[in-house]
A.B. asks: 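Please see the structure below; I have some questions.
Ligands are counted one by one from 1 in listed order, and the atoms in each one are counted from 1 as well. Excluded from the calculations below are hydrogen atoms, water molecules and symmetry mates; all remaining heavy atoms, backbone and side chain alike, are included.
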Amino acid sequence: MFYIRCLRTPITTKRRNAKYMFPTRLLDSQKIRSILTRSCVRGRHNIYPHMRIATMATSSVHKYRPVVVSGPSGTGKSTLLKRLFAEYPDTFGFSVSHTTRAPRPGEENGREYYFTTKEEFLKLVSENGFIEHAQFGGNFYGTSVQAVKNIAEKQRICILDIEMEGVKQVKRTDLNARFLFLSPPSLEELERRLRGRGTETEESLNKRLAQAKNELNYAKQPGAHDKIIVNDDLEKAYTELRDWIVGGGKFGASE
Ligand SMILES: Nc1ncnc2c1ncn2[C@@H]1O[C@H](COP(=O)(O)OP(=O)(O)OP(=O)(O)O)[C@@H](O)[C@H]1O
């Protein structure tokens, strides 16, 4: 569901924000989202990196290639990634989002968020600097391409859990990402899982199922993803996902 996916950045980034900004039913996946987006990196605000940093970042993503994990809501992405992060601590990094809201006491630039002005944010939007961005409560939030490169700079693999439009956007960048699509065994099973999770209203369930059809159609296009895993049996799917992402310790790097 596009709306919810757009919300992903702010939902996941700030637990305290999420509590009052979003309906309770959206918060179940928030725990995982915070895993995905919380920074392991304490860098400086770097919206306009100078050339040396930009060049280094580009070469780093060849060795520490970001992994884009997509798939319909309810397929099991969070479940599988949580397990992967537990098995491989200190291996993966999580991008820091940009926001135009003011920092709160205790918040550090580059840790909770990259704090920026509306003008700078919109300039970066116009330069296609964001993978995803959205507006909430008068503030902008977004995941920048540079924030993902910063993770590779720290010699970690950035995992991006994003929806179809984000996938397309990543393909337009020089992030050198690998694309993994997690597919449900069937739409009927997907619906069962979403209902079983107990997070959806009838309306949000229908929207997610409609969006699932779009994602599944996109996944059928040649070259849309590098790897497709059907999450039928959880153990089997996890082994397949782990083996593909870790790739014998190479994490997709060619050398
Ligand atoms: N192989 C599986 N068999 C049965 N249930 C599963 C399997 N994988 C995940 N589930 C269950 O399906 C539900 C949805 O999983 P999860 O929340 O991980 O999906 P998601 O893709 O991260 O969704 P969203 O994108 O909405 O966050 C959960 O209740 C989870 O326990």
A.B. asks: Just going by heavy-atom distances, which of G76, P184, A212 is nearest to atom 15 (O) of ligand 1?
C.D. replies: G76
A.B. asks: Relative to the heavy atoms of T79, which atoms of ligand 1 are at a distance of less than 4.0 Å?
C.D. replies: 9 (C), 15 (O), 16 (P), 18 (O), 30 (C)
A.B. asks: Among E200, R192, R193, K236, which one puts a heavy atom closest to atom 3 (N) of ligand 1?
C.D. replies: R193
A.B. asks: Between Y238 and E87, is any side-chain donor less than 3.5 angstrom from a side-chain acceptor?
C.D. replies: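 E87 and Y238 do have a side-chain donor-acceptor pair below 3.5 Å.
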A.B. asks: So if I count the atoms of ligand 1 from 1 in the order they appear, which ones are less than 4.0 Å from some heavy atom of K77?
C.D. replies: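 Listed by number with element: 18 (O), 19 (O), 20 (P), 21 (O), 22 (O), 23 (O), 25 (O).
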A.B. asks: Please find the pair of heavy atoms, one from T75 and one from P184, that lie closest to each other, and give the distance.
C.D. replies: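 Here T75 and P184 meet closest at CG2-N, 3.5 Å.
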A.B. asks: Checking contacts here: is it the side chain or the backbone of D232 that comes within 4.0 Å of ligand 1, counting heavy atoms only? Could be both or neither.
C.D. replies: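 Near ligand 1, D232 shows its backbone, while the atoms from C-beta on stay back.
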A.B. asks: Would you indicate whether K236, at its atom NZ, is surrounded by more than 12 heavy atoms from other residues, nucleotides or ligands within a distance under 6.0 Å?
C.D. replies: no
A.B. asks: Considering only heavy atoms from C-beta outward, does the side chain of D174 approach that of K149 to under 4.5 Å?
C.D. replies: yes
A.B. asks: For ligand 1, is R208 a contact, meaning one of its heavy atoms is under 4.0 Å away?
C.D. replies: yes
A.B. asks: When you measure from the heavy atoms of G74 to every atom of ligand 1, does any distance fall below 4.0 Å?
C.D. replies: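 Yes, G74 has a heavy atom closer than 4.0 Å to ligand 1.
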A.B. asks: As an exercise, identify every atom of ligand 1 less than 4.0 angstrom from a heavy atom of P72.
C.D. replies: 21 (O)
A.B. asks: Does an N or O from N231, backbone or side chain, lie closer than 3.5 Å to an N or O of ligand 1?
C.D. replies: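 N/O-N/O distance below 3.5 Å exists for this pair.
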A.B. asks: Return yes when atom NZ of K118 has more than 12 non-hydrogen atoms of other residues, nucleotides or ligands closer than 6.0 Å, and no otherwise.
C.D. replies: no
A.B. asks: So, do E112 and V96 sit near enough that their side-chain heavy atoms are less than 4.5 Å apart?
C.D. replies: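 They are not in contact (no side-chain heavy atoms under 4.5 Å apart), so the answer is no.
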A.B. asks: Please verify the inter-ring angle class for F130 with H133; under 30° counts as parallel, over 60° as perpendicular, anything in between as tilted.
C.D. replies: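 Ring orientation of F130 relative to H133: tilted.
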